[in-house]
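Here is the structure we will look at, set down as structure tokens.
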There are 2 protein chains.
Amino acid sequence: MNIINTTENILAHFEKFIELSEKLKSELSQRIKPIQFKKGELVLDAKHICTKSYFINKGILRTYFIKNGKEISEYFSGTDEWVNSPKSFMQREKDIYYIDAIETTEAYFINVNDLVYLFDNFPEMERYARLSMGTVFGHFMERITSIRFTSAKERYIHFQKTYSNIYHRIPLGMVASYLGITQETLSRIRAEK
Amino acid sequence: MNIINTTENILAHFEKFIELSEKLKSELSQRIKPIQFKKGELVLDAKHICTKSYFINKGILRTYFIKNGKEISEYFSGTDEWVNSPKSFMQREKDIYYIDAIETTEAYFINVNDLVYLFDNFPEMERYARLSMGTVFGHFMERITSIRFTSAKERYIHFQKTYSNIYHRIPLGMVASYLGITQETLSRIRAEK
DNA sequence: GAAAAAATTTGACATATATCAAATAATTAT
DNA sequence: ATAATTATTTGATATATGTCAAATTTTTTC
């Protein structure tokens, strides 16, 4: 299997937003590398700056932070999604977020330096970034509304919709902290019907 | 006062993120136009597609939606911020958001078509969009955390910090819906100390 | 496959915030 | 200025969710 081949999925993802010239395809293929994480493995420790962005092929990564000694899940990421610690990655400074693998995960990664090179030399990469960020924006707004104005039960239902492919693979405690409720409450909600 | 002059502030804003060539400056100045809103005036009605993006020079705009007949404030925007209905503006479709002026507001605006022209012809505009969106990202993440894990009082304090310049100019009811609590609760929080 | 560890469920009780209703206070219009 | 409207405050009570503790179930390790 050659390099071009291993990056097929991710190139297809770019092509949802922009046209890829042969030149850019080749540059991307040279800079994007495969990586694997075992279940439970730490992908990013908050004590380090995040220098890589991961694109998931298979599996689930979780972004979380620690508050009063407890892990609070910020969000979950599945197939065809980019994962990094946004502020740390873009501004090259430490931030509060950890990333770990909820299940064994196959991903690609690109180093921030390589990404910057691509931004500097391929304007269409800037466009890709703008357009793909736009989608995430809407999700954030929906989530904010969901947290503010709905009961714990409604939030759980919203979560199931948002993560329809993967919600049943995420442990209860992690879901509870994502929803901003206690494990006990979530357990009771699940038991209801 | 010539056109270049009236767009001084907003050009300065762009220059925080990218260098502006004379050519781009001139294109921007031709496409960015001043506009005024009176206190209480509707800037965008959700029954229309949002075709303009506003950059505030002075005053406050509020983005809100209607749930069960009540206005729910999504966020407030002050000096040096862009305001539009994100999904509507970018995808040229209707969305749920209204925008109104909390106080008399001076702004600039640009039409979506003009912005697209600029994106297509000035790669640095794509970069500007990517970088300026990045900042907003962090705010969303902070807000999500603020809503999930803090009491109504803590959220109000967080709100005061986030909107330190303008929070005292926003009516109580609008703040309450922004925080996801009732007016009565917010009134009691304010009365406390 | 038994033992240990971790995750989930269940129970009793506490509390922050919501709801509904009414009283003031502050703005806006005549 | 006065009336009318709108915004804010206050009070009494209800309810969803949290907290703490223990029991059970599931998963992991040896």
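Numbers restart at 1 for each chain; the letters A, B, ... are given by sequence-line order, proteins then strands.
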task: Could you check whether B:G180 gets within reach of a base, just the sugar-phosphate, or nothing at all, counting any heavy atom under 4.0 Å?
output: sugar-phosphate
Per atom distances to the B:T185 side chain, the nearest of C:dA18, D:dT17, D:dT10 is C:dA18
Q: Mind telling me whether B:H13 and B:F17 have parallel, tilted or perpendicular rings, with 30° and 60° as the class edges?
A: perpendicular
Ring-face cation contact, B:Y178 with B:R143, 6.0 Å cut, 45° max: yes
Check whether any side-chain N or O of A:T182 sits under 4.0 Å from OP1 or OP2 of D:dG18, and answer yes or no. yes
Whole-Å distance, A:I102 CD1 to D:dT27 C1', equals 16 Å
In whole angstroms, the gap separating C1' of D:dG18 from CG of A:L179 amounts to 15 Å
A:L186 CG to D:dA16 C1', in whole Å, measures 15 Å
When rounded to whole Å, the NZ to C1' distance for the pair B:K39 and D:dA7 reads 12 Å
No-hydrogen, no-angle side-chain donor-acceptor test under 3.5 Å, A:S151 and A:E154:
yes
When rounded to whole Å, the NZ to P distance for the pair B:K38 and C:dT28 reads 15 Å
Donor-acceptor contact present, side-chain A:T150 to main-chain A:S146, <3.5 Å:
yes
Whole-Å distance, B:E184 CD to C:dT24 C1', equals 14 Å
Q. Is any side-chain N or O of A:R188 under 3.5 Å from a base N or O of D:dG18, one able to act as donor and the other as acceptor?
A. no
Between A:S151 and D:dA16, is there a side-chain N or O to OP1/OP2 distance below 4.0 Å? no
Taken to the nearest whole Å, CZ/B:R169 to P/C:dT27 is 15 Å
Atom CD of B:E154 and atom P of C:dT17 are separated, to the nearest Å, by 9 Å
Between the CG atom in B:D95 and the CG atom in B:L44, the distance rounded to the nearest 0.5 Å is 9.5 Å
Q: Indicate yes or no for a side-chain donor-acceptor contact from A:T105 to the backbone of A:E103 under 3.5 Å, with no hydrogens or angles considered.
A: yes
**Message:** Angle between ring planes, A:Y64 versus A:Y98, binned at 30° and 60°: parallel, tilted or perpendicular?
**Reply:** parallel
Q) Which is true for B:I181 with a 4.0 Å heavy-atom rule: it touches a base, it touches only sugar-phosphate, or it touches nothing? A) sugar-phosphate
Are there any protein N/O atoms within less than 3.5 Å of an N/O atom in nucleotides 5-8 of chain C, and if so, which ones and at what distance?
from: C:dT8; atom 1: OP1; to: A:L172; atom 2: N; distance (Å): 3.1
from: C:dT8; atom 1: OP2; to: A:L172; atom 2: N; distance (Å): 3.3
from: C:dT8; atom 1: OP2; to: A:G173; atom 2: N; distance (Å): 3.2

